[in-house]
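Have a look at the structure below, then the notes.
Below, read A as the first sequence line, B as the second, and so on, with proteins coming before strands; counting in each chain starts at 1.
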Amino acid sequence: DTAVSQTPKYLVTQMGNDKSIKCEQNLGHDTMYWYKQDSKKFLKIMFSYNNKELIINETVPNRFSPKSPDKAHLNLHINSLELGDSAVYFCASSQGPLPLRFRQGNYGYTFGSGTRLTVV
Amino acid sequence: DQQVKQNSPSLSVQEGRISILNCDYTNSMFDYFLWYKKYPAEGPTFLISISSIKDKNEDGRFTVFLNKSAKHLSLHIVPSQPGDSAVYFCAASAGGTSYGKLTFGQGTILTVHP
């Protein structure tokens, strides 16, 4: 029973196409995130939603549009795909967006297994 | 402008020995630090964390040390086991209005040899 599930796991598509990646979590978490792991292996945040409200929107091309129909789902739609969009995209969730130091005990995101996007 | 850096791309250790993974950061607003472990074709999984009010946190074989003056943290694994072979990511949060945003390093590949 996967906690954070992403589909598809692999996606190969041509430049210029539009594609979506779906993410669902069954942990009852309020906050969901999209991270991109680039060719240099850094994980960089793209977006975050808390209870369907956008709270983090990093400097990402507006070809990328997140959509959260409910707090258990956060989908990522990408228009006009480019070669440079090739990367691994990770969805994650957490109990809430509060500053982590206020949390009792240890804390961490729960990540999905990633979607490897290849644009050819 | 990478605010969290793991300068060792890889580390190889003999089973039973200590593994020490290092992480440096530049943002003095970071006040919470985490380590994640990642196996191939899986997402990162939370391992251990430390608040900036502490300098050490221990959980079984894993201990994280924080040196705020040096802006440096390290993860110690003792004893190392072959199952620990994975990519380890260091991450940091600035609290405040960061809304839980984590800034990650680029990871260190740990290989533990039997």
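Scanning both residues, F90(A) and E42(B), for their nearest heavy atoms gives CE2-O, 3.9 Å. Closest approach of Y36(B) and F111(A) over heavy atoms only: CE2-CE1, 3.8 Å.
Transitive grouping of hydrophobic side chains (ILVMFWY, heavy atoms separated by less than 4.5 Å) brings L66(B) and V64(B) into a common cluster. By the rule that hydrophobic residues join a cluster once side-chain heavy atoms approach within less than 4.5 Å of another member, F64(A) and M32(A) end up as members of one cluster. Grouping the Ile, Leu, Val, Met, Phe, Trp and Tyr side chains by contacts below 4.5 angstrom, directly or via other members, places L76(A) with L54(A). Using a 4.5 Å cut-off between side-chain heavy atoms of Ile, Leu, Val, Met, Phe, Trp and Tyr, with links allowed through other members, V4(A) and Y89(A) fall into different hydrophobic clusters. L74(A) and V60(A) end up in the same hydrophobic cluster when Ile, Leu, Val, Met, Phe, Trp and Tyr side chains are linked at under 4.5 Å.
Contact residues of residues 3-25 of chain B toward chain A are V4(B) (heavy-atom distance under 4.5 Å). Contact residues of residues 38-46 of chain A toward chain B are K40(A), K41(A), F42(A), L43(A), K44(A), I45(A) (heavy-atom distance under 4.5 Å). Proximity to chain B among residues 112-120 of chain A is limited to G112(A), S113(A), judged by heavy-atom separations below 4.5 angstrom. For residues 104-111 of chain B, heavy-atom neighbours of chain A at less than 4.5 Å comprise F104(B), G105(B), Q106(B), sorted by residue number.
Counted within 6.0 Å of NZ on K9(A), heavy atoms from surrounding residues, nucleotides or ligands total more than 12; the atom is thus considered enclosed. Counting non-hydrogen atoms of neighbouring residues, nucleotides and ligands closer than 6.0 angstrom, the NZ atom of K71(A) exceeds 12 such neighbours.
Interface residue F89(B): only side-chain heavy atoms are found under 4.5 Å from chain A. Heavy atoms closer than 4.5 Å to chain B are found in the side chain of E58(A), but not in its backbone.
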Point to revise | Criterion side-chain contact (heavy atoms from CB on, under 4.5 Å) on Y33(A) and L102(B), from CA distance to verdict | key: CA-CA 10 Å; Y33(A) 310 83; L102(B) 294 181; over 6 Å; no

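For the pair K101(B) (side chain) and S48(A) (backbone), a donor-acceptor distance under 3.5 Å is absent.
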